[in-house]
Amino acid sequence: MEKIITMMGPMLDGVNVTLQMFFITLVLSLPLGLLLSLARISKYKPISFLVETYIWLMRGTPLMLQLLFVYYALPLVPYIGIKLPDFSAAILAFVLNYAAYFAEIFRGGIQSIERGQYEASKVLGMTYVQTMRRIILPQVLKRVVPPISNETITLVKDTSLIYVLAMNDLLRTARTIVQREFDMTPFVIAAVFYLAMTLVLTWVFNKLEERYAAYDE
Amino acid sequence: MNMLRLKNIHKKFNHLEVLKGISLEVAQGEVVAIIGPSGSGKSTLLRCLNRLEIIDQGTIEIEGEILATEDTEGKCQYVSEQKAREICFKMGMVFQQFNLFPHMTVIDNIIEAPMLVKGIKKELIIPEAEELLKKVGLFEKKNSYPSRLSGGQKQRVAIARALAMKPDIMLFDEPTSALDPELTGEVLKAMRQLALEHMTMIVVTHEMAFAREVAQRVIFMDNGDIVEEGTPEQIFNNPEHPRTQAFLKSML
């Protein structure tokens, strides 16, 4: 028991890093994903093609490779190359990656809204922006809650990839202690933390779904 | 005064010509019923009026303002998006599939566009919206979501929603075709009421009895053309064209 308590200090620091990665990534990648989805369905072919290519790149290569690229290779790129500290590099890679997945989820949601909703808005005199903001996107949010919830739970666990940048998140901290003390308890503690975070998220998304259940379609 | 003037409207879907040079004028307060077999182009014609469909050729004039016309080379030109929107929201439209906003209550469905498009304050539009709901007999449903309503109730809300924009012309695109037969009556009643208030109405419909009773003019369309038009008595009692005769016979 005493041993567990001494482990908890560094483990909680690890949880802190993991949670920061998680929240910052989520808060930045959701709006970016929404913007990308709107660009993806744009009538202007060059824009939608550009975003399509971007999404293909982001979904077509491992997140770990993207992490390594942003941290080690980006500084070497001429003109735009900058050397980011490890935390910023990790956030940048995660946001770029997750925004691509969120964009596809939003796109699916937007395209699932019946044409009649656009037509009704149009004949009532609404502009495209008004239609999207007041009529289409509120309905999209209801439809994308389940896939967004899925992706968000994956994000909690994906944050453990930052160990490749030698950042001390929950999992890397656990492994360090295991290797030092020859005691497997930190793995169990780490698992409990991940499960707890997922439990909270599941609860939050269930609440969201309940709220949206106010209306049927 | 002409509320609406169409000249030589042509519309193609890919290679299929669905409107083959339609000309039509509708006077203020007139109720026009457009009948015809499915695929005759009658819904497309209606949808061209408020640019849900873009015409390939011809002129559209709404209350004296040009929405689309031909340039010197005979190519169809629409006015600017902003201008077109201003012209078009003088026309309310009711759809076959209602197209209510499912995430909003009945009252919010009605007040959304006046607030958003015309910038009317909520406290000013609510009493008007409630009046409209009373008129279509749905005041007690004002806080319900559309999914809780029957088809007939939905369509009456859709009519109220369109009226809240204070349109000068109402377009009805087969407003009762998606309804169970026992629910069409309540919708037709609301439309009859509008006609009595001298609303200019263009109604694409399969309800021959309604067309006969309420319309001042009936237009029979077939295969992208206006085949015959006249008063309900002329069209229903003494149709001249063989295609009109065949269609009306099939409707019995």
Side-chain angles (χ1 to χ4, degrees), chain A residues 30 34 37-39 41-45 47-48 105-149 205-217, chain B residues 43 46-47 49-54 81-106 108-119 143-149 154 157-158 161-167 169-173 178:
Chain A
L30 277 172
L34 181 59
S37 73
L38 292 172
I41 58 171
S42 165
K43 295 184 281 204
Y44 303 103
K45 287 283 169 271
I47 292 182
S48 75
I105 292 175
F106 283 124
R107 179 173 71 94
I110 292 170
Q111 290 180 336
S112 75
I113 304 290
E114 302 71 24
R115 210 175 57 160
Q117 294 290 306
Y118 291 92
E119 293 186 344
S121 310
K122 189 171 180 181
V123 300
L124 287 167
M126 296 183 202
T127 63
Y128 177 77
V129 174
Q130 289 171 333
T131 304
M132 288 313 264
R133 192 168 59 84
R134 298 288 306 171
I135 307 300
I136 306 300
L137 292 180
Q139 296 184 59
V140 167
L141 289 186
K142 174 183 167 111
R143 294 188 189 186
V144 299
V145 168
I148 293 273
S149 145
F205 280 108
N206 281 342
K207 284 284 157 207
L208 263 180
E209 279 189 47
E210 273 171 35
R211 224 189 82 189
Y212 280 121
Y215 73 89
D216 307 313
E217 294 172 82
Chain B
S43 280
L46 202 66
R47 293 164 57 83
L49 297 180
N50 53 13
R51 60 193 186 132
L52 289 179
E53 304 291 351
I54 298 302
E81 170 69 22
Q82 169 74 23
K83 183 83 190 142
R85 200 166 43 241
E86 281 166 22
I87 294 175
C88 286
F89 75 61
K90 291 180 193 159
M91 288 179 286
M93 187 167 195
V94 173
F95 299 88
Q96 184 178 349
Q97 296 298 337
F98 328 124
N99 295 341
L100 293 179
F101 305 132
H103 60 303
M104 294 179 179
T105 59
V106 164
D108 285 341
N109 260 278
I110 296 174
I111 65 175
E112 181 66 20
M115 292 198 318
L116 203 59
V117 176
K118 289 184 164 176
N143 292 321
S144 303
Y145 283 96
S147 58
R148 297 266 172 262
L149 305 181
K154 283 182 196 169
V157 172
R161 179 176 71 174
L163 291 175
M165 285 297 281
K166 299 203 165 61
I169 305 171
M170 282 287 283
L171 311 175
F172 291 87
D173 188 7

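Just so it is clear, the model here is predicted, and its values are computed rather than measured. Throughout, protein chains are lettered first and strands after them, A, B, ... in sequence-line order, and every chain is numbered starting at 1.
Atom CZ of Arg134(A) has 12 or fewer neighbouring heavy atoms from other residues, nucleotides or ligands inside a 6.0 Å radius.
Rounding to the nearest 0.5 angstrom, the gap separating the CD atom in Gln130(A) from the CZ atom in Arg85(B) is 7.0 Å. Taken to the nearest 0.5 Å, the CZ atom of Phe101(B) stands 7.5 Å off from the OG1 atom of Thr131(A). One distance of note links CZ of Arg115(A) with CG of Asn99(B); it measures 10.0 Å at 0.5 Å rounding. For the atom pair OG1 of Thr127(A) and CD of Glu81(B), the computed distance is 8.5 Å after rounding to the nearest 0.5 Å.
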side-chain contact (heavy atoms from CB on, under 4.5 Å) evaluation trace for Lys142(A) with His103(B): CA-CA 9 Å; Lys142(A) 174 183 167 111; His103(B) 60 303; over 6 Å; no

Test Leu124(A) against Met93(B) for side-chain contact (heavy atoms from CB on, under 4.5 Å), laying out the working first. CA-CA 8 Å; Leu124(A) 287 167; Met93(B) 187 167 195; over 6 Å; no

Evaluate the criterion side-chain contact (heavy atoms from CB on, under 4.5 Å) for residue pair Val123(A) and Phe95(B); output intermediate values, then yes/no. CA-CA 11 Å; Val123(A) 300; Phe95(B) 299 88; 3.9 Å; yes

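Contact of Tyr145(B) with chain A is made through the side chain alone, with heavy-atom distances under 4.5 Å. Proximity to chain A is limited to the backbone of Met91(B), based on heavy atoms less than 4.5 angstrom apart. Interface residue Arg148(B): only side-chain heavy atoms are found under 4.5 Å from chain A. Interface remark: Leu171(B) contributes no atoms to any contact with chain A (heavy atom separation under 4.5 Å).
Considering only heavy-atom pairs separated by less than 4.5 Å from chain A, the leading option among Ser147(B), Pro102(B), Pro167(B), Ser144(B) is Pro102(B). Counting heavy-atom pairs closer than 4.5 Å to chain A, the top-ranked of the candidates Met104(B), Arg51(B), Glu86(B) is Arg51(B). Listed options Gly116(A), Ser121(A), Pro138(A) were ranked by heavy-atom pairs under 4.5 angstrom with chain B; first place goes to Gly116(A).
Glu119(A) places a side-chain heavy atom less than 4.5 Å from the side chain of Arg47(B).
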